[in-house]
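The next block holds one structure in the form of structure tokens; read it before the comments.
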Amino acid sequence: MVRVPFRAAADRVRHRLTRFTRPKSAARTTARTPGDLTGAAPKPYVRALSMLAVVVIGAWLGLLAVGSIRTPVGPMDTNMTLRPSLTGGSKINVSPLGALELDSHIAPLRLDVDVDRLDPVRSQALVDQPERFSGLQDEVTRDVAAGTRELAVRSCVAVISGATALGLVVYRRPRRALAAGGLALTLLAASGVSAYATWNPKSVLEPKFSGLLSSAPSLVGDARSIVTEFDIYQQELARLVTNVTRLYDATSTLPVYQPDPGTIRALHVSDIHLNPAAWHIIASLVEQYEIDVIIDSGDTMDHGSAAENGFLDPIRDLGAPYVWVRGNHDSMLTQAYLEKFRNVRVLDDGRTVNVAGLRIAGTGDAQFTPDRSKPVGGKAAAELEGMRLATSLRDQEQAGTPVDIAVAHDPNTARQTDGTVPLVLAGHLHNRINEQLKGGTRLKVEGSTGGGGLRAVQNDKPEKVRASVLYLDRSTRRLQAWDEITLGGLGLTTAEVSRHLPEENLKKDTPSPPAPTPSPTRSPARPTPSP
């Protein structure tokens with residue numbers, strides 16, 4: 001009977017495997033004929049390579065099957081695994097942000113650590129008991145050491161079991177299978193010695209980032225300074241973890257202001273810098289102060305990348321129209337994304353909009369410097385952009401549609417509008433400035449509503465969260481008063497609200513000495529536009 005081709009091929013493969021795996025005793029008893037090499041014993045190096053291949057494949061299969069453990073590390077749940085590798089090292093996967101690779105050792109095994117999730121129970125315990133942060137470093141060290149020991153034991157069992165099982169399948173002799181297991185244990189021990197001898201604890205100073213974590217060095221600063229000043233960084237990290245909960249508590253206790261029905265209430269925010277807590281603060285202020293319009297003077301983002309755009313989505317649900325100008329950390333991608341929101345009015349190149357009874361004009365920052373590099377045009381470019389905005393404001397005045405508020409990011413830009421508008425708002429400096437300019441325009445620079453955002457951990461002291469509520473007369477649309485709201489940043493729970501009145505209002509409200517014929521009160525005149 002003619003054999004099926006597939007079966008014939010299988011017989012040939014089995015015959016060749018028998019040549020390499022047949023014991024010498026069997027080879028001696030096999031009858032040989034001149035020129036017949038089928039019964040010849042395999043050469044020693046061939047048998048050694050065959051055994052090594054069986055051991056490596058079996059050990060790898062064993063590691064895949066049972067060579068991993070789940071272990072808690074501080075408030076995180078992680079999965080630790082040993083993987084075959086030509087270069088060794090360690091890899092920490094933080095899904096979905098990316099991975100962090102360390103040249104921690106040289107061995108044919110790589111340590112993979114997958115951060116699965118943040119355990120809510122252990123995280124809440126840290127929030128409820130902030131004093132535990134002082135021992136968090138020791139706790140993490142103990143957890144990693146315990147997990148590594150457990151992983152080493154499990155890996156030994158997995159490697160030996162895998163190599164022994166595959167050896168038994170291939171050789172069908174217990175002694176050869178046990179030899180494969182012993183060789184696997186020897187190779188694992190040699191790998192451990194190599195990893196121990198080449199262990200490089202300083203590899204954490206020179207990590208390799210991938211994915212979204214590739215921006216981590218610019219977000220958290222120089223890795224060397226963080227390691228050398230770990231105590232300071234640990235304190236800031238502790239404050240960062242506890243910040244959100246405590247900040248919400250602080251904003252919930254803010255006093256409620258009951259404004260006159262004829263008052264327009266505008267909320268001035270700036271320099272959020274990717275701090276998600278800012279949206280909750282703004283939403284709380286909108287509700288408690290019955291805000292009519294939110295004015296953002298820029299630097300809402302940190303790098304202006306498309307990956308950051310999702311951070312802006314909560315603006316849709318803030319409960320008030322949102323007027324925005326581009327800062328030097330905001331890109332045209334950011335601007336295009338915001339222009340799609342129904343409740344957002346993006347101002348650029350002197351564009352003017354009517355919102356909540358106010359006529360507002362603004363322009364985006366003249367420069368895009370997300371990495372804090374020196375601006376190409378510097379102050380001159382900012383002032384030139386301000387001159388363009390001032391020209392637009394004069395044109396509006398001459399057309400009979402004067403602007404009530406101008407908005408720019410850089411104060412150098414805002415100052416050029418002096419004499420063309422009653423009030424101009426800016427940010428950029430992360431500090432408040434209230435100044436009556438020579439031409440009659442009031443300049444108000446807001447601090448960082450995001451408390452400096454992700455970069456705040458680089459500062460010696462936490463940056464405070466700042467915003468202002470502006471009260472404008474509905475008929476004259478002039479600034480009548482403002483509340484400066486200051487919250488403690490990065491874990492500080494202070495909340496402060498201070499009321500301020502323009503100088504002209506203070507003079508108007510000051511009782512005057514009796515006179516036969518009191519002069520009538522006059523509304524402040526609009527500043528005369530400069531030529």
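At most 12 non-hydrogen atoms from other residues, nucleotides or ligands lie less than 6.0 angstrom from CD of Glu287. No more than 12 heavy-atom neighbours from other residues, nucleotides or ligands sit within 6.0 angstrom of CD1 on Ile106.
Separation of atoms OG (Ser270) and CG (Leu429) is listed at 9.0 Å; rounding is to 0.5 Å. Rounded to the nearest 0.5 angstrom, Asp410 CG and His428 NE2 are separated by 4.5 Å. To the nearest 0.5 angstrom, Lys340 atom NZ is 11.5 Å from Leu312 atom CG. In this structure, the separation between CG on Leu178 and CZ on Arg173 is 12.0 Å, given to the nearest 0.5 Å. Within the model, atoms CG of Leu333 and CE of Met301 stand 9.5 Å from one another, a figure rounded to the nearest 0.5 Å. The OG atom of Ser468 lies 11.0 Å from the CD1 atom of Ile295; values are rounded to the nearest 0.5 Å.
Ring pair His430/His273 is tilted by interplanar angle, where 30° to 60° counts as tilted.
Pairs of residues two or more places apart, or lying in two chains, that qualify as salt bridge (Lys or Arg N to Asp or Glu O under 4.0 Å) and include a residue from residues 323-337 are Arg326-Asp348.
Listed here is the closest heavy atom pair of Leu82 and Ser155: CD1-OG, 3.3 Å. Closest approach of Pro276 to Leu274, counting heavy atoms only: CD-O, 3.1 Å. Summarising the geometry of Leu109 relative to Ser191, their closest heavy-atom pair is CD1-CB, 4.1 Å, with the distance given to 0.1 Å. For the residue pair Tyr171 and Arg176, the shortest heavy atom distance occurs at CE2-NH2, 3.5 Å. Between Arg342 and Arg345 the shortest heavy-atom distance is O-NH1, 2.8 Å. Closest approach of Leu168 to Ala177, counting heavy atoms only: N-CB, 3.5 Å.
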Worksheet item: Can Phe341 and Val346 be said to form a side-chain contact (heavy atoms from CB on, under 4.5 Å), step by step?
Response: CA-CA 10 Å; Phe341 292 16; Val346 174; over 6 Å; no
Fill in: Leu166/Ile57 under side-chain contact (heavy atoms from CB on, under 4.5 Å): CA gap, chis, key distance, verdict
CA-CA 8 Å; Leu166 186 60; Ile57 295 174; 3.7 Å; yes
Discussion item. Evaluate Asn79 against Val113 for side-chain contact (heavy atoms from CB on, under 4.5 Å), listing each step before the verdict.
Written reply: CA-CA 6 Å; Asn79 191 67; Val113 180; over 6 Å; no
Worksheet item: Does the side-chain contact (heavy atoms from CB on, under 4.5 Å) test come out yes or no for Ile272 and Trp279, once each step is laid out?
Response: CA-CA 9 Å; Ile272 292 174; Trp279 301 132; 3.8 Å; yes
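Between Leu347 and Trp324 there is no side-chain heavy-atom pair separated by less than 4.5 Å. Annotation: side chain of Ile294 is in contact with side chain of Val269 (closest heavy-atom distance under 4.5 Å). At a threshold of 4.5 Å between non-hydrogen side-chain atoms, the residues Val325 and Thr363 do not count as touching. Within the 4.5 Å cutoff, the side chain of Val445 has no heavy atoms near those of the Asn431 side chain. Between Val465 and Ile281, some side-chain heavy-atom pair lies under the 4.5 Å cut-off. In this structure, the side chains of Pro314 and His280 stay at 4.5 Å or more apart for every pair of heavy atoms.
Taking a cutoff of 4.0 Å between a charged side-chain nitrogen and a carboxylate oxygen, Glu446 and Arg466 do not qualify as a salt bridge.
Side-chain polar atoms of His268 and Ser297 form a donor-acceptor pair below 3.5 angstrom. Checking Asn328 against His409 by side-chain atom types alone, a donor-acceptor pair falls below 3.5 Å.
A donor-acceptor pair under 3.5 Å is absent between the side-chain atoms of Asp365 and the main chain of Gly327, judged by distance alone. Between the His105 side chain and the Ala195 main chain, no donor and acceptor come within less than 3.5 Å of each other. Here the side chain of Glu308 pairs a donor or acceptor atom with the backbone of Ser305 at under 3.5 angstrom.
Take Asn309 and apply the side-chain hydrogen bond (donor to acceptor under 3.5 Å, both in side chains) test, not counting sequence neighbours, and it matches no residue. Residues satisfying the side-chain contact (heavy atoms from CB on, under 4.5 Å) criterion with Ile69, sequence neighbours excluded, are Thr71, Met80, Glu150, Leu151, Arg154. Residues passing the side-chain hydrogen bond (donor to acceptor under 3.5 Å, both in side chains) test with Ser331, sequence neighbours excluded: Thr334.
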Side-chain atoms of residues 315-322: list all donor-acceptor pairs with protein atoms under 3.5 Å, sequence neighbours left out, distances to 0.1 Å.
from: Arg316; atom 1: NH1; to: Asp313; atom 2: OD1; distance (Å): 3.3
from: Tyr322; atom 1: OH; to: Asp296; atom 2: OD2; distance (Å): 2.5

Quiz: residues 181-190 side-chain donor-acceptor pairs under 3.5 angstrom, not counting sequence neighbours:
from: Thr186; atom 1: OG1; to: Gly182; atom 2: O; distance (Å): 3.0

